[in-house]
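For reference, the structure is listed below as structure tokens.
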Amino acid sequence: MKRLLLLILTLVSITACANYPKKSKLKALIVDGQNNHAVWPKSTVMMKQYLEEPGLFTVDVYRSRYTWKAGPQKAFLNKVETNLSEDLKQPKSDSLFAPDFKKYDVVISNFGWKAASWPLETQEAFEKYMRKGGGFVSVHAADNSFPKWKSYNEMIGIGGWGGRNEKDGPYVYYTNEGELKIDKTPGKCGAHGPKHEFPITLRVTDHPITDGLPSQWLTASDECYAKLRGPAKNMTVLATGKDQNQKAPTNRHEPVLMVIDYEKGRVFHTTLGHDTSAFEGVGFITTFLRGAEWAATGTVTQAVPDDFPTKDRSIGRPFVLNEKGI
């Protein structure tokens, strides 16, 4: 009798597990094609692989028909399934650029400085997607993009270059004494010194993205963006970086990780990610993955990895392309 009862219970358990719906993966879209950082064809592949390896995301890539600066890493152009493109000497607007944003939980931009404007209909579609609760991740030079697009500048909070100045909003930074400054001083927007390992300081420790991270840690060799400015509406600076170069653009602690509320939408903005070594940094990888999950869902389920960098030690993971996974 006991054996029969045990068999029945086992069969019920197996049936219940089989019928229990599996948690579906989050859907991410990387948009790219024009970026002054020539690493972009490779970094798109890196981000796609980072997102998919833990099993949390499926990732599509939508590329503009006209690309720019793809040459140095052109070998990576065919490592993802996306639309055909033609590499040009200068950026050119793609009148057919029209991703179906509403299909995705989060959109990640790997565009950069001088990227040609999206068609007006596509801009409006993206704004609608975000207003209704979409997720967006701005990576490194994506905050250089589209200086004349008002809603985009509100989404990223602060940005650099592209002719931005005081008309676009204040500088935002922390002082050495730990005071947040909203500085309306006139001046140009965007600067950085040579890339190097620089210290990150958390300014918000209980946000889902930063929860569990050390209060200070070192980046991989990367650029510390400075003198960023913009609307800074509904923006929270999660972490800042301090340029260690002798001739640093400022003596400020510059925003590096930010979150922005855009109506019902969630934005994660990271200024990290200059080149391959920067994308290999465990600090970048971890905050990027956690930021993408938060932008998609409002929560973070990923644990902080054991090899996360410390205050005194920068840690990287050499990227190995997973041909089968891509």
**Report entry** Min side-chain heavy-atom separation Asn245-Phe198 under 4.5 Å
**Finding:** no
Query raised in the report: Does any non-hydrogen side-chain atom of Trp40 lie less than 4.5 Å from one of Gln73?
Result: no
Query raised in the report: Mind checking whether Phe126 and Phe136 have ring centres under 6.0 Å apart?
Result: yes
Query raised in the report: Do Arg203's NZ or CZ and the ring of Tyr174 fall within the cation-pi criteria of under 6.0 Å and 45°?
Result: yes
Report task. Flag the pair Asp94 and Lys92 as a salt bridge only when some basic side-chain nitrogen lies within less than 4.0 angstrom of an acidic carboxylate oxygen. Result -> no
Requested in this report: May I ask you to check if Arg63 and Phe97 form a cation-pi contact, with NZ or CZ under 6.0 angstrom from the six-membered ring centre and within 45° of the axis?
Outcome: no
Query raised in the report: If you look at every heavy atom in Leu202 and Ala239, which pair is closest and at what distance?
Result: CD2-CB, 3.9 Å
Requested in this report: State plainly whether the residues Lys195 and Glu223 are in salt-bridge range, i.e. N to O under 4.0 Å.
Outcome: no
Query raised in the report: Below 4.0 angstrom, N of the basic side chain to O of the carboxylate: do Lys48 and Glu52 qualify?
Result: yes
Query raised in the report: Should Gln302 and Leu56 count as side-chain neighbours, where that means a heavy-atom distance under 4.5 Å?
Result: yes
Query raised in the report: Is the closest side-chain heavy-atom distance between Lys227 and Tyr173 below 4.5 Å?
Result: no
Query raised in the report: Roughly how far, to the nearest 0.5 Å, is OG1 of Thr297 from CG of Asp105?
Result: 8.5 Å
Query raised in the report: Looking at side-chain heavy atoms only, is the closest gap between Ile30 and Val59 below 4.5 Å?
Result: yes
Query raised in the report: Is the Phe319-Phe279 ring centre distance short of 6.0 angstrom?
Result: no
Query raised in the report: What orientation do His192 and His274 show, parallel under 30°, tilted 30 to 60°, or perpendicular over 60°?
Result: tilted
Report summary line: When rounded to the nearest 0.5 Å, the distance separating CG of Asn144 from CG of Asn35 is 8.0 Å
Query raised in the report: Between Glu254 and Thr250, do the side chains contain an N or O donor and an N or O acceptor separated by less than 3.5 Å?
Result: yes
Query raised in the report: Quick one: do Arg317 and Asp307 make a salt bridge, cutoff under 4.0 Å?
Result: yes
Report task. Output the distance between atom CG (Leu257) and atom CG (Leu272), rounded to the nearest 0.5 Å. Result -> 6.0 Å
Query raised in the report: Judged by modelled atom types alone, do Gln216 and Thr201 share a side-chain donor-acceptor pair under 3.5 Å?
Result: yes
Query raised in the report: Any side-chain heavy atom of Asp143 within less than 4.5 Å of one from Tyr225?
Result: yes
Requested in this report: Flag the pair His37 / Trp113 as yes when their ring centroid distance falls below 6.0 Å, and as no otherwise.
Outcome: no
Query raised in the report: Is there a side-chain contact between Leu218 and Asp312, using heavy atoms and a 4.5 Å cut-off?
Result: no
Query - Shared hydrophobic cluster, Phe111 / Phe101 (ILVMFWY, side-chain heavy atoms < 4.5 Å) - result: yes
